[in-house]
Amino acid sequence: ERSQGTVLKGLMKAKQRGLIPGIEGRLGDLGAIDAKYDVAISTACGALNHIVVDTTKTAERCVRLLRKENLGRATFLILEKQSGLIDIMRRPVKPPLGVKR
């Protein structure tokens with residue numbers, strides 16, 4: 001049976017071997033979630049299993065590898081496609097009164 005773990009292991013092995021260097025990893029592994037929110041966020045945010053890659057070309061190479069090795073399927077978050085969000089990310093955050101940030 002193919003699983004997310006199998007997909008991730010196969011992709012990370014390809015990265016380590018230098019076959020697909022633009023793989024950053026699983027989104028959920030690239031940051032930290034406070035333990036008291038972990039279950040809620042993990043349950044509500046399926047995107048934590050998306051694989052973060054630098055370019056569309058890298059994502060295409062990953063898909064070819066997954067098909068060739070029959071490892072399963074993955075959803076990719078392509079960083080070069082997120083450039084339109086840079087200005088939004090740089091805006092100061094104004095949380096509601098009394099909410100810590």
Side-chain angles (χ1 to χ4, degrees):
E1 179 179 306
R2 297 173 298 187
S3 69
Q4 278 298 114
T6 303
V7 168
L8 184 60
K9 284 179 188 175
L11 292 174
M12 297 312 288
K13 186 183 283 188
K15 177 184 177 170
Q16 290 168 350
R17 290 182 177 166
L19 300 174
I20 309 177
I23 301 169
E24 299 298 329
R26 182 181 159 272
L27 180 60
D29 295 336
L30 298 177
I33 299 170
D34 190 303
K36 66 182 175 182
Y37 302 115
D38 186 50
V39 172
I41 292 173
S42 297
T43 301
C45 188
L48 291 175
N49 286 322
H50 290 10
I51 306 298
V52 179
V53 297
D54 58 353
T55 64
T56 302
K57 185 175 181 175
T58 298
E60 290 169 349
R61 292 174 72 190
C62 289
V63 170
R64 283 195 299 271
L65 175 78
L66 294 175
R67 286 181 179 160
K68 179 183 172 193
E69 301 291 329
N70 195 29
L71 295 174
R73 297 180 180 185
T75 302
F76 297 92
L77 189 121
I78 303 168
L79 294 176
E80 74 178 356
K81 299 292 185 179
Q82 309 305 314
S83 62
L85 300 174
I86 291 173
D87 290 336
I88 295 169
M89 292 182 340
R90 290 187 175 145
R91 291 181 194 159
V93 176
K94 296 178 184 174
L97 191 61
V99 175
K100 292 193 299 183
R101 236 351 185 190

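Here the structure is a predicted model, which is why all the values come from computation and not from measurement. Computed over heavy atoms, backbone and side chain alike; hydrogens, waters and symmetry mates excluded.
Here the shortest heavy-atom pairing between Ala74 and Val7 reads CB-CG1, 3.8 Å.
Using a 4.5 Å heavy-atom cutoff, the side chains of Val52 and Phe76 are not in contact. Considering only heavy atoms from C-beta on, Leu77 stays 4.5 Å or farther from Ile51 through its side chain.
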For residues 11-34, run the donor-acceptor check on the side chains, cut-off 3.5 Å, and write out each pair with its distance to 0.1 Å, sequence neighbours left out.
| from | atom 1 | to | atom 2 | distance (Å) |
| --- | --- | --- | --- | --- |
| Lys15 | NZ | Ile23 | O | 2.7 |
| Arg26 | NE | Leu48 | O | 3.4 |
| Arg26 | NE | Asn49 | OD1 | 2.8 |
| Arg26 | NH1 | Asp29 | OD1 | 2.8 |
| Arg26 | NH2 | Asn49 | OD1 | 3.2 |
| Asp34 | OD1 | Lys36 | N | 3.0 |

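Ile88 meets the side chain to side chain contact (heavy atoms under 4.5 Å, CB included) test with Leu85, Arg91; sequence neighbours excluded. Under the side chain to side chain contact (heavy atoms under 4.5 Å, CB included) criterion, Arg64 pairs with Glu60, Arg61, not counting sequence neighbours. Lys81 is linked by a side chain to side chain contact (heavy atoms under 4.5 Å, CB included) to Thr56, Ile78, counting only residues two or more places apart in sequence or in another chain.
Apart from Ile86 itself, the hydrophobic cluster it occupies contains nothing, where clustering links Ile, Leu, Val, Met, Phe, Trp and Tyr at side-chain heavy-atom distances under 4.5 Å.
Rounding to the nearest 0.5 Å places CD of Gln4 at 11.5 Å from CZ of Arg73. Rounding to the nearest 0.5 angstrom, the gap separating the CZ atom in Arg67 from the SG atom in Cys62 is 12.0 Å.
Between the side chain of Ser42 and the backbone N or O of Asp38 there is at least one donor-acceptor pair closer than 3.5 Å.
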Practice prompt. Give the C-alpha distance, both sets of side-chain angles, the deciding distance and a yes or no for side-chain contact (heavy atoms from CB on, under 4.5 Å) between Val53 and Leu79.
Written response: CA-CA 6 Å; Val53 297; Leu79 294 176; over 6 Å; no
